[in-house]
Amino acid sequence: MRIRELDKETLREGFWNEPDKAREILQEQSRLNEAVSKWKRQINSLDDLVQLFEMASEEEDGQVQEEIKKDLERLSASVREDELKMMLGSEQDSMNAIMSIHAGAGGTEAQDWAEMLLRMYLRWAERKGFAATIIDYLPGDEAGVKSVTWTLRGEYAFGYAKAEIGIHRLVRISPFDAGARRHTSFASVFVYPEVDDRITIEIDEKDLRIDNVPVYRRRRAACQ
C-alpha cells in the first residue's frame with residue numbers, strides 16, 4: 001500500500017537530508033491520508049443514513065425521509081467528485097494551472113466572446129474554491145478582450161481545467177451589428193500546468209546539435 005511505503009520512508013534515517021524531496025513525500029502522504037479519511041467518513045455517513053431511513057420508514061415520518069433524501073444527494077455528489085479526482089491520475093493533474101484566452105478572427109464580436117468566456121471561467125473558479133489571478137490583460141478595440149492570461153490555484157486545478165483546451169465557437173445575433181445579422185465567433189483557450197522546482201529536465205548530450213557559426217570581425221581601415 002502506497003501510504004505504508006510513505007510512512008516507512010518518513011521514518012528512514014536521513015529523511016531530511018534532501019528537504020525538497022522530503023516535502024514532496026509529506027505532501028503526497030497528507031493527500032493520500034486525507035483521501036482515505038474522507039472515504040471512511042462517507043461510509044459512516046451512508047450507514048447512518050440507512051439506519052435513520054429505516055427508523056423513519058417504521059414511524060412513517062415523511063419530513064425526516066425528505067431530509068435524509070437531501071443528505072443522500074449531497075453525499076452522492078461528494079462521492080462523484082472524489083471519483084472524478086481518482087480519474088485525474090497524471091502527475092500534472094494535481095498542480096495549479098495557467099489559463100489563457102485569445103480572441104479569434106471577427107474583430108469586436110470575437111473579442112466580446114473572449115470576455116464572456118473569461119467571466120464564465122472566473123465564476124466557475126469561484127464556485128470551485130479556486131483562487132484566480134489575472135497576470136496579463138489586453139483589452140479589445142471597442143469591447144471585450146483580445147487576450148488574457150490568469151493563474152488558477154487550487155486542488156486539482158489543472159486536472160479540472162484541461163478539458164477546456166481548444167477552440168470555442170459562439171453563433172448569435174450580433175449586438176454590434178446594426179443589421180442584426182447572425183455572426184460566428186471563435187476564441188482559443190489554452191491551459192498549462194504551473195510547474196515548480198520539482199520538475200527537472202534532463203537533456204542527453206547525444207540529442208544536442210552544435211553548429212559552428214563563423215564570427216566576422218570588423219576591420220578598421222588604417223588612415224595614413
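In this text the structure is predicted, and so the values were computed from the model without any measurement. Nothing fancy with the numbering, it's 1 onward along the sequence.
In this structure a side-chain-to-backbone donor-acceptor pair under 3.5 Å is present from Ser37 to Asn33. Remark: side-chain polar atoms of Ser30 are not paired, donor with acceptor, to backbone N or O of Leu26 under 3.5 angstrom. Side-chain atoms of Asp112 do not come within 3.5 Å of backbone N or O of Thr108 as any donor-acceptor pair. Judged purely by atom type and a 3.5 angstrom limit, Asp141 has no side-chain atom pairing as donor or acceptor with the backbone of Gly107.
Summarising the geometry, atom CD1 belonging to Ile101 is positioned 6.0 Å from atom OH belonging to Tyr121; distances are rounded to the nearest 0.5 Å. Taken to the nearest 0.5 Å, the OG1 atom of Thr184 stands 8.0 Å off from the CG atom of Leu170. To the nearest 0.5 Å, the span separating CG on Leu6 from CG on Leu11 amounts to 11.0 Å. Taken to the nearest 0.5 Å, the CG atom of Asp48 stands 10.5 Å off from the CG atom of Leu75. In this structure, the separation between CD1 on Ile135 and OG on Ser100 is 9.0 Å, given to the nearest 0.5 Å. With rounding to the nearest 0.5 angstrom, the CE atom of Met99 is 6.5 Å from the CG atom of Leu152.
Taking Ile, Leu, Val, Met, Phe, Trp and Tyr as hydrophobic and joining them when side-chain heavy atoms fall under 4.5 Å apart, one finds Phe186 in a cluster with Ile167.
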Worked check of salt bridge (charged side-chain N to carboxylate O under 4.0 Å, His left out) between Glu126 and Arg123: CA-CA 5 Å; Glu126 184 179 0; Arg123 286 198 295 268; over 6 Å; no

CA sep, side-chain torsions, deciding dist, call: Arg119, Glu115, salt bridge (charged side-chain N to carboxylate O under 4.0 Å, His left out): CA-CA 6 Å; Arg119 293 198 302 267; Glu115 186 176 40; 3.8 Å; yes

Worked verdict on Tyr137 versus Val145 for side-chain contact (heavy atoms from CB on, under 4.5 Å): CA-CA 8 Å; Tyr137 187 93; Val145 57; 3.8 Å; yes

Audit row: Leu117, His168, side-chain contact (heavy atoms from CB on, under 4.5 Å) steps and yes/no: CA-CA 9 Å; Leu117 286 173; His168 296 251; 4.0 Å; yes

side-chain contact (heavy atoms from CB on, under 4.5 Å) between Leu46 and Leu72, intermediate numbers included: CA-CA 8 Å; Leu46 180 60; Leu72 186 60; 4.1 Å; yes

Evaluation steps, side-chain contact (heavy atoms from CB on, under 4.5 Å), between Leu138 and Val148: CA-CA 6 Å; Leu138 181 61; Val148 59; over 6 Å; no

Trace of the salt bridge (charged side-chain N to carboxylate O under 4.0 Å, His left out) decision for Glu155 with Lys128: CA-CA 9 Å; Glu155 188 178 8; Lys128 295 291 292 184; over 6 Å; no

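The cluster map of Ile, Leu, Val, Met, Phe, Trp and Tyr, joined by side-chain heavy atoms under 4.5 Å apart, puts Ile165 and Leu118 in the same cluster.
Remark: Gln65 CD is packed, more than 12 non-hydrogen atoms of other residues, nucleotides or ligands lying under 6.0 Å away. Atom CH2 of Trp16 sits in a crowded spot, with more than 12 heavy atoms from other residues, nucleotides or ligands closer than 6.0 Å. Enclosure of atom CD in Glu18 is not indicated, since only 12 or fewer non-hydrogen atoms of other residues, nucleotides or ligands lie within 6.0 angstrom. Enclosure of atom CE in Met120 by more than 12 non-hydrogen atoms of other residues, nucleotides or ligands within 6.0 angstrom is indicated. The number of heavy atoms from other shown groups lying within 6.0 Å of CD (Glu142) does not exceed 12.
When side chains are defined from C-beta on, Ser185 does not count as touching Arg169, because their heavy atoms never get closer than 4.5 Å. For the pair Arg74/Lys70, a side-chain contact is recorded, criterion being any heavy-atom separation below 4.5 Å from C-beta on. Within the 4.5 Å cutoff, side-chain heavy atoms of Ile98 are placed close to those of Thr149.
Glu194 and Thr151 share no donor-acceptor pair across their side chains, judged by distance under 3.5 Å alone.
Of all heavy-atom pairs spanning Asp7 and Gln29, the tightest one is OD1-NE2, 2.5 Å. Nearest approach of Trp150 to Ile134, heavy atoms of both residues: CB-CA, 3.6 Å. Closest approach of Gly104 to Ala110, counting heavy atoms only: O-CB, 3.4 Å. Of all non-hydrogen atoms in Ser147 and His102, the two that sit nearest each other are CB-ND1, 3.4 Å. Contact between Arg153 and Asn96 at its shortest, heavy atoms only, is CA-OD1, 3.3 Å. Minimum heavy-atom separation, Ala103 to Ala114: CB-CB, 4.1 Å.
Under the side-chain hydrogen bond (donor to acceptor under 3.5 Å, both in side chains) criterion, Glu109 pairs with Arg172, Ser174, not counting sequence neighbours.
For Phe130 and Trp124, the ring centers sit closer than 6.0 Å to each other.
Between Phe190 and Tyr192, the ring-plane angle classifies as parallel under the 30° and 60° cut-offs.
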